[in-house]
Amino acid sequence: MRSDAPRPGAKLSDLLNWPLALPMPNGGSRRLIDAACHAAGLTLRPSLETNSATLVGAFVATRGGVALFSGQRASAQVRSGQLVVVPLLLPRFRQGHIALLARRGRRLPPAVESFAATLSAALMRRR
């Protein structure tokens, strides 16, 4: 990681002078990023827009840039040491929602009920 790389607690404005990769505009993560930028009065100009974790890893590694992506999305590159996760100070990102949808009146299979309980517990721990 470059010595001048963003540090934990960085703000969106700290990323303005970096080559930047963002998710595609049609996804939920990008909508959260765009909403946070709008609230801060910032306009990010990405060098790359993609949903490919592989492409993001290559972009960051070869261009010396940064990417706003979910840490889970790039978990293989993080485990290998190719990328590092730097938490940003973005309270608005905590406003994301996730829902499990099922047909009304349908009894969910035990595996789905177990998955929903596990997911809910994991999300509650992250708050």
Side-chain angles (χ1 to χ4, degrees):
M1 184 165 71
R2 290 174 28 177
S3 61
D4 62 340
R7 300 283 180 220
K11 299 175 289 203
L12 281 173
S13 60
D14 298 331
L15 307 180
L16 292 176
N17 296 318
W18 285 81
L20 179 65
L22 293 177
M24 296 298 291
N26 59 345
S29 295
R30 178 61 181 272
R31 285 193 295 271
L32 284 172
I33 293 166
D34 289 344
C37 288
H38 180 75
L42 299 173
T43 301
L44 296 179
R45 290 180 172 59
S47 302
L48 174 67
E49 292 178 312
T50 182
N51 289 333
S52 167
T54 303
L55 188 54
V56 167
F59 171 83
V60 171
T62 62
R63 294 279 313 272
V66 296
L68 289 176
F69 273 77
S70 151
Q72 290 89 359
R73 184 140 200 160
S75 62
Q77 288 99 332
V78 171
R79 278 193 308 275
S80 73
Q82 182 183 7
L83 301 178
V84 296
V85 174
V86 178
L88 298 178
L89 182 59
L90 299 170
R92 190 167 186 105
F93 280 177
R94 298 210 179 264
Q95 294 178 354
H97 300 281
I98 188 168
L100 175 65
L101 303 176
R103 189 178 68 238
R104 183 186 306 272
R106 179 174 183 208
R107 179 164 164 77
L108 297 175
V112 175
E113 285 183 6
S114 176
F115 170 74
T118 301
L119 180 61
S120 179
L123 291 172
M124 293 305 285
R125 283 191 303 271
R126 292 192 71 164
R127 285 183 165 211

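Each residue takes its place number in the sequence, starting with 1. We use all heavy atoms of the structure for the numbers below, so side chains are in, but hydrogens, waters and symmetry mates are not. Not measured: the values here are computed from a predicted model.
The main-chain N or O of N26 is found under 3.5 Å from a side-chain atom of R31 such that the two form a donor-acceptor pair. The backbone N or O of A58 sits less than 3.5 Å from a side-chain atom of T62, completing a donor-acceptor pair.
When all heavy atoms are compared, the tightest approach of G65 to V60 is O-CG1, 3.4 Å. What you find for F59 and V66 is that their closest heavy atoms are CE2-O, 3.9 Å.
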Can you give each donor-acceptor pair under 3.5 Å made by side-chain atoms of residues 36-49, sequence neighbours left out, with the distance rounded to 0.1 Å?
residue	atom	partner	partner atom	Å
E49	OE2	R30	NH1	2.9
E49	OE2	R30	NH2	3.0

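Tracing side-chain contacts under 4.5 Å through hydrophobic residues (I, L, V, M, F, W, Y), one reaches L16 starting from L20; they form part of the same cluster.
From L68, atom CG reaches atom CG of L32 across 11.5 Å, with rounding to the nearest 0.5 Å.
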